[in-house]
Visitor: 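Could you have a look at this structure, given as structure tokens, before my questions?
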Amino acid sequence: MPVKSMEDLFIHTLKDIYYAEKQILKNLPKMAKQAKSPELKQAFEKHREETEGQIERLEKVFETCEVAARGVRCEAMDGILAEAKDVMEEVEDESVREAGMLAAAQTVEHYEISRYGTLIAWAQRLGMKEAQSLLQQNLDEEKRTDQLLTKIAEQSINQKAKA
Ligand SMILES: [Fe+2]
């Protein structure tokens, strides 16, 4: 798709985060299954459910733009998730692996927070009120997830991981 205007760029970025959310949805069950710490497992399971809702909100944003909901490959998210997979497969020590998985999950959240922040600013500029509010709801959830992961890291995972 040629990007010529702010509207085009908005749609392109929307497709990027839509793809990213779908990849995350696919990967979270694997991460939840691998997680040994009950807090981390629960955080991944909860965020899987939230991600389903986030995808639905993104589909509504596509609707408000009268554009078919379709993703466009996001190399950044593919890379982050490939690294998460490496950690899950290659780190033998359980507590160290948990610390690595948690860090990967936070990288995912930070990517999403950055994307949603940008999309919200552009939606505001383009006068897309409904899209702005839907995207804001996704951003708020990502920020809460990020905070929860920080808490789990500080209170348990990083304590347990061997020096
Ligand atoms: Fe998300």
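Atoms within a ligand are numbered from 1 in the order they appear, just like the ligands themselves.
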Visitor: Which of these, Q23, E59, R70, sits in a side chain to side chain donor-acceptor pair (under 3.5 Å) with Y18?
Guide: E59

Visitor: Is it the case that the side chain of Q106 and the backbone of L149 share a donor-acceptor pair, with hydrogens and angles ignored and the cut-off at 3.5 Å?
Guide: no

Visitor: Counting no waters, how many protein N/O/S atoms sit under 2.8 Å from the Fe ion (ligand 1)?
Guide: 5

Visitor: Check salt bridge (Lys or Arg N to Asp or Glu O under 4.0 Å) between D16 and all other residues, then give those that pass, not counting sequence neighbours.
Guide: R115

Visitor: Would you please name every residue forming a side-chain hydrogen bond (donor to acceptor under 3.5 Å, both in side chains) with Q54, sequence neighbours left out?
Guide: E141, E142

Visitor: Nearest 0.5 Å, what's the NZ-OG distance between K60 and S133?
Guide: 9.5 Å

Visitor: Check side-chain hydrogen bond (donor to acceptor under 3.5 Å, both in side chains) between E49 and all other residues, then give those that pass, not counting sequence neighbours.
Guide: none

